[in-house]
Amino acid sequence: MTGLFRNIALLLLFICFIPILFLGIFDLDEGAFAATSLQMLMDKQYFIPTIGDDLRLEKPIMSYWIQTISISIFGANEFGLRFPSLIAALIWATSIAAFIKEQDRTIKGTNIFLIFFTLPGIFLISFAATADAFLNTLISLTFISFYKYSETEKASHLNNAAIFIGIGFLVKGLIIVFLTGIIFFLYLLFIGKLKIFFKAIMSYKPWAIFFLIIIPWTAVILLRLDFDAFVYLFFGQSFGRFSNTFESHTGPIYYYLIMLPFLILPFFTDFLKGFFSSKFKSNKLDMFFGIWFLFVLIFFSFSNTKLPHYLIYGLAPAVYFIERYHINAAGKSLSLFAFIFQILIWSFLLVLPFYLSYLTEVMQTYEVSLNAIKSFANDLSYQILIGITLFCISICFFLKYDNVKVKKFSALAFIVILSFKIAPFLHSATQGDIKELGLYARAGDKQVSMYKVNKPSYAFYAQKKSFRGLRSNSLILTRKDKLELVDQPFEVVRESENYLIIEIKSDEN
């Protein structure tokens, strides 16, 4: 990739960050993180995560602390919530790019950076106002430190890993300890350096650093809550998701094989070619990244709880394998198979709005806004952008243009469409009503509550604590199809398509 093309691509990529930074938040996870972080500021209580009257022990404290600091600086808005995740993702991308360039001088760091943020899965998780960008960053920093320790056996690298694992524990619990420990063990086993692993785990200083980081807050949890809450937070949430299905998030054993292409489009075939052409036996970096990716894929495939973003823990290696293939394929023209693959991706995007519109006609649903789907289907600018992309890819194919540049153009165009069109549509279709009603509920001194729906972003936009149930003196969010379940006299205060705000009538009325 030439310097000019690379600079233009970087500029366009950074422009794509803007609409996502200000995009409305999504329920359930983002809304819960937002409402919990805001409540910490309201209650001036920064040690026990709560949402309304309930404990929120799904995640440890660090993400809430980071978001609380951010919204106290930038305000309780989307930017304040998303900005920390973007900063974490930038550290994640630059550290991976610098590490790969350090280990393989034939690779340019800017190419790694561009591929990294043009993988849709990584791009989206980099802005999610949850713990995931922080955790992925810390996982990668830990692996980088472990790899360097395996090469030099310098204690500083091991101590750095202990710092990252300790912070990661406060972000999402034991998962970082388990993933990084097992993968490091397997890597050293396969390269015949297992004694380094035992030397690492027998070193007292890294353990001291780790416990120094985690003990203060975990001690607070033990002192303020019962032991069962402690076990649920650190064991039930981490390993319970493997043995049990949480919130109906399940799928077949091949679930992640289906999800993988969507997370790394349009580089999926490049990843496969790069991965299967790697020299795992003779190249330690190939072995390291291969074990990292495969373990994440296999382990979570056997988990009872399945969510797409679990696979992102193993996507940093995919960036390396894609770039390795690009180095070998540079200068060659786009093959017929690759051309057809690209055309299929963009053709699918072109018909997507019409397919969604058709689905809403044959299936009744209260989950999405019909008006948003109709607007999406009638969005001429969306169709023009995809038409231009299809035309450019076709011209490049017939003119036998460099296939790597064509694919990177396609990937960048995909991110542009995702950032400016698809993500805003998804928010409008699934969350637009919630945001509108939340902003309405901000005025006045009434509490906010939810009935038969779980949309904590409603409370965040109302700038109030999030409660559940038919509470008196509350603006209660519910969905139109849930009204028949309300067993008390009520009045409708505000409507927004599928959702509405009701109030329970008091006896005085």
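Hydrogens, waters and symmetry mates are skipped; everything else that's a heavy atom, side chains included, is used.
Residue pairs satisfying the salt bridge (Lys or Arg N to Asp or Glu O under 4.0 Å) criterion with at least one member in residues 81-103, sequence neighbours excluded, are listed as follows: Glu30-Arg82, Glu102-Lys148. Within the structure, salt bridge (Lys or Arg N to Asp or Glu O under 4.0 Å) pairs that include any residue of residues 179-190 do not occur (at least two apart or interchain). Residue pairs satisfying the side chain to side chain donor-acceptor pair (under 3.5 Å) criterion with at least one member in residues 89-99, sequence neighbours excluded, are listed as follows: Trp92-Ser140. The stretch residues 314-327 participates, sequence neighbours left out, in these salt bridge (Lys or Arg N to Asp or Glu O under 4.0 Å) pairs: Asp104-Arg324, Glu323-Lys408. Residue pairs meeting the salt bridge (Lys or Arg N to Asp or Glu O under 4.0 Å) criterion with at least one member in residues 111-136, sequence neighbours excluded: Asp132-Lys172.
Considering every non-hydrogen atom in both Ile96 and Ala316, the closest pair reads CD1-CB, 4.0 Å. Between Thr142 and Leu138, the shortest heavy-atom distance links the atoms OG1-O, 2.7 Å.
Counting heavy atoms from C-beta on, the side chains of Phe117 and Leu90 come closer than 4.5 Å. No side-chain heavy atom of Leu477 sits less than 4.5 Å from a side-chain heavy atom of Tyr451. In this structure the side chain of Leu21 reaches within 4.5 angstrom of the side chain of Phe127, judged on heavy atoms. The closest side-chain heavy-atom distance from Phe467 to Gln447 is below 4.5 Å. For the pair Phe169/Ile175, no side-chain contact is recorded, criterion being any heavy-atom separation below 4.5 Å from C-beta on. Taking the side chain as every heavy atom from C-beta outward, Lys59 and Leu233 never approach each other to under 4.5 Å.
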Derivation and outcome, side-chain contact (heavy atoms from CB on, under 4.5 Å), residues Lys464 and Leu38
CA-CA 8 Å; Lys464 297 174 182 178; Leu38 181 61; over 6 Å; no

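Using a 3.5 Å distance cut-off with no hydrogens or angles, the side chains of Ser457 and Asp27 do pair a donor with an acceptor. Side chains of Asn160 and Tyr149: no donor on one and acceptor on the other come within 3.5 Å. Using modelled atom types, one finds a donor on one side chain and an acceptor on the other under 3.5 Å when comparing Arg6 with Thr110. A donor-acceptor pair shorter than 3.5 Å can be found between the side chains of Asp270 and His326. With hydrogens and angles left out, the side-chain atoms of Thr430 and Glu367 include no donor and acceptor closer than 3.5 Å. Side-chain atoms of Tyr458 and Gln431 form no donor-acceptor pair, as typed in the model, at a separation below 3.5 Å.
In terms of the ring pair (Phe, Tyr, Trp, His ring centres under 6.0 Å) criterion, Phe414 has no residue partners (sequence neighbours excluded). Residues satisfying the side chain to side chain contact (heavy atoms under 4.5 Å, CB included) test with Ser428, not counting sequence neighbours, are Ala372. For Lys273, the side chain to side chain donor-acceptor pair (under 3.5 Å) test picks out no residue, with sequence neighbours left out. Take Trp292 and apply the side chain to side chain donor-acceptor pair (under 3.5 Å) test, not counting sequence neighbours, and it matches no residue. Every side chain to side chain contact (heavy atoms under 4.5 Å, CB included) that Leu124 has, sequence neighbours left out, goes to Leu418.
Going from atom CD1 of Ile48 over to atom CD1 of Ile61 covers 7.0 Å, rounded to the nearest 0.5 Å. In this structure, CD1 in Ile182 is found 12.0 Å from CD1 in Ile291, a value given to the nearest 0.5 Å.
For an aromatic pair to be called close, the ring centres must be under 6.0 Å apart, and Phe143 with Phe146 fails this.
Between Phe74 and Phe83, the angle of the ring planes goes over 60°, which puts this pair in the perpendicular group of the 30/60° scheme. Using cut-offs of 30° and 60° for the angle between ring planes, the Tyr310 and Phe300 rings count as tilted.
Among Phe275, Phe267, Phe268, the one residue that satisfies the ring-ring contact (aromatic ring centres under 6.0 Å, His included) test with Phe271 is Phe275.
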Throw together a table of side-chain donor-acceptor distances under 3.5 angstrom for residues 188-212, partners on residues two or more places apart or in other chains.
from   : atom 1 : to     : atom 2 : distance (Å)
Lys199 : NZ     : Glu153 : OE1    : 2.9
Ser203 : OG     : Lys199 : O      : 2.8
Trp207 : NE1    : Ile201 : O      : 2.8

What side-chain donor-acceptor pairs closer than 3.5 Å can you find for residues 255-264, not counting sequence neighbours?
from   : atom 1 : to     : atom 2 : distance (Å)
Tyr256 : OH     : Leu307 : N      : 3.1
Tyr256 : OH     : Leu307 : O      : 2.8

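Under a 3.5 Å cut-off, the side chain of Arg479 and the backbone N or O of Val453 do not form any donor-acceptor pair. Under a 3.5 Å cut-off, the side chain of Thr152 and the backbone N or O of Lys154 do form a donor-acceptor pair. Judged by distance alone, with hydrogens and angles left aside, the side-chain atoms of Asn283 form no donor-acceptor pair with the main-chain N or O of Lys279 at under 3.5 Å.
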